[in-house]
Amino acid sequence: MAPGRLVPTFTPAMLVSWLLFATVPMWIERVGLYQYLGVEILIFAIYALAYNLVLGHAGLPSFGHGAFFGIGAYAFGLAQFNLAASLWVGLAVAVLAAGLGGTLVALFISHRRGIYYALMTIAFGQVFWFIAIKAHSITGGEDGLLKIERLPVALGIVTFDLRDNTALYYFVLAVFVGVSLLLWRLVHSPFGRIVKAIKQNETRARFVGYDVWRYKAAVLIISAALSGLAGGLFSMAQTSAFPDVMSLHYSGYVVMMTLVGGGLVSFWGPVVGAVAFFLARDMIGALTTGWMLWFGLFFVALVLFKPEGIAGIFAGLATRKHKTTSAPVSNPQPQER
Amino acid sequence: MALFEARELHLRFGDRVVLENVSLAFKAGKLSGIMGPNGAGKTTCFNVLTGRYKPNRGRVLLEGHDITGRPPQEIARLGVARSFQLMTLFDEFSVFENIAVALPATRARGYDPIGQAYADPALTWDVQQILESAGLAGRADDPAKALPYGARRALEIGVALACKPKLLFLDEPTAGLGSDGRARLADLVRKLKGTLTIVIIEHDMEFLFSLADEISVIHWGQVIARGTPAELKANPWVGASNLGRLN
């Protein structure tokens, strides 16, 4: 009998990226940056990885994902104020609330595709954003939810305080490790491969027996729930939750991060994109208030000349190097990195 | 009793009648052909039989059970697979994965979000068997989009075979193939004949007449004749139509 085909649970790229992130607090201030930036980058890397499940892996153009991030942010704060002052309860409620929001949206849009899917996600994103602004008694309206606490990590016999940015960074890094591992397994699982098949050819997927809409719905729900987790972490990090994270332009940020980083060709592309986005914001932003103009131009240039993003550029360089050091191979198989 | 039956199917797009009282029956283990000129309604008929379109009237029966209007995925799960005239593959996947993803074993684990997708040696063995029967052994790791045209046609059938069907619909499988490719495909269909029930839409009359046990002729959305290849050759309706260019 022929041997099966295994995808390793841990890859060198995964371990290197985790280790690299683990060293960040040791040198980030020495290069003129600050600890909180690392926290932001990791939270948005989680968000972008979750978002890329929908855009990159399932090929579903969602432009209202900020809604789920925002629901998570508010849910974390509201759980803390009204349920229990527990980090775990807050994060669980953030995940559940965003997952519930994702379920509601998925029920309406999972039978759609292409431009109709995209427009529906924008519409739902705007609905949630509007609710966040208008439901003043719950969300605080445009003033937002303030005084959200950075609750300690209670692990039974030991408790870690997260009020310090470095401690929070390592907690968020642990969540990032867990989420990236979970998503890595997910995209290589039977579920993930079927989703990838649906992205390539929805019609054929139906004709080989798959309930396509159920898979599309499941992907959106998982992505929404993990975006909510990122949102919960974000509200904890900035000790507040505001409606602007649910707005259309904020939803656009995660699309930019994912595409700039190369989420369409690489699992790690969204992480690269989140790093590039925040470095651009702080480094170009130190020189000009119009940093988004320059980042936007960079985005346009990338889409025009290298739509595979930064990860695609590195992949191209690696392929060129490989070609010069080894004999040509016919029909090379593209590898997910 | 026929394995698969269509009774008085009627389909219209707006005010245009596309199928009118089409009745067909496909016997188990036989190879049936459907022929007709371009625009006759052959592919539309396939689309109704396999769930893509819901007929305005009439019934579709599989082993005596009414499956009229059921969606394609449900019909596929009941054991009806099809290939497409226009290539419909998972282009970013390798040849291996095109087959593997269509296997019922993969489908059964479809909501497993953590496990390995293709680690089971039995699944790999299954894929290899299908690749061998489709003449694609040795190409498992090639990307589907990089295959030559003839191999893509074979893979198109391979994906349908991976569904482990009772009934296989092939929509113009020789489209775009040269004489060598057609001969290879005829060999493949000949090997499959008898192991499952096959229905082929085909323009290549020589191909169809050499393989089919029974052929139905569709013209203007209606079945105008049916019979064995020998009977059809003698049929004046077929002879009078532009389908009569048979040796």
Margin query: Taking 4.5 Å as the heavy-atom cut-off, does anything in residues 215-223 of chain A contact chain B, and if so which residues?
Written below: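 Counting heavy atoms that sit under 4.5 Å from chain B, the residues of residues 215-223 of chain A involved are A:Y215.
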Next item on the list: Taking only Lys NZ, Arg NE, NH1 and NH2, and the carboxylate oxygens of Asp or Glu, determine whether B:D112 and A:R185 approach each other closer than 4.0 Å.
Entry: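 Not counted as a salt bridge, because no side-chain N and carboxylate O are separated by less than 4.0 Å.
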Does [X] [atom1] have over 12 foreign heavy atoms under 6.0 Å away?
{"X": "B:Y111", "atom1": "OH", "value": "yes"}
{"X": "B:K191", "atom1": "NZ", "value": "yes"}
{"X": "A:F305", "atom1": "CZ", "value": "no"}
{"X": "B:Y149", "atom1": "OH", "value": "yes"}
{"X": "A:K306", "atom1": "NZ", "value": "yes"}
{"X": "B:K27", "atom1": "NZ", "value": "no"}
{"X": "A:R112", "atom1": "CZ", "value": "no"}

Item checked: B:T106 and A:Y210, any side-chain heavy atoms less than 4.5 Å apart ->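 With C-beta onward as the side chain, the pair touches.
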Side chain, backbone, both or neither: which part of [X] has a non-hydrogen atom closer than 4.5 Å to chain A?
{"X": "B:L123", "value": "neither"}
{"X": "B:E156", "value": "both"}
{"X": "B:A162", "value": "neither"}
{"X": "B:V159", "value": "both"}

I need the minimum non-hydrogen distance between [X] and [Y], along with the two atoms involved.
{"X": "B:I114", "Y": "A:L182", "value": "CD1-CD1, 3.9 Å"}
{"X": "A:P190", "Y": "B:G115", "value": "CD-O, 3.3 Å"}
{"X": "B:G110", "Y": "A:I194", "value": "CA-CD1, 3.4 Å"}
{"X": "B:V101", "Y": "A:A197", "value": "CG2-CB, 4.0 Å"}

As an exercise, state the distance from [atom1] of [X] to [atom2] of [Y], rounded to the nearest 0.5 Å.
{"X": "B:N98", "Y": "A:R204", "atom1": "CG", "atom2": "CZ", "result": "8.5 Å"}
{"X": "B:L86", "Y": "A:T203", "atom1": "CG", "atom2": "OG1", "result": "11.0 Å"}
{"X": "A:S189", "Y": "B:Y118", "atom1": "OG", "atom2": "OH", "result": "9.5 Å"}
{"X": "B:F93", "Y": "A:R193", "atom1": "CZ", "atom2": "CZ", "result": "4.5 Å"}
{"X": "A:F207", "Y": "B:R52", "atom1": "CZ", "atom2": "CZ", "result": "5.5 Å"}
{"X": "B:L89", "Y": "A:Q200", "atom1": "CG", "atom2": "CD", "result": "10.0 Å"}

Checklist line | Audit row: A:H188, B:Q116, side chain to side chain contact (heavy atoms under 4.5 Å, CB included) steps and yes/no | finding: CA-CA 7 Å; A:H188 292 101; B:Q116 293 278 351; 5.7 Å; no
Checklist line | Options B:G51, B:P71, B:A102, B:A117, ranked by heavy-atom pairs under 4.5 Å with chain A, top entry | finding: B:A117
Note to self: For B:Q73 and A:D211, which I'm curious about, is there any donor-acceptor pair between the side chains at under 3.5 Å?
What the structure shows: yes
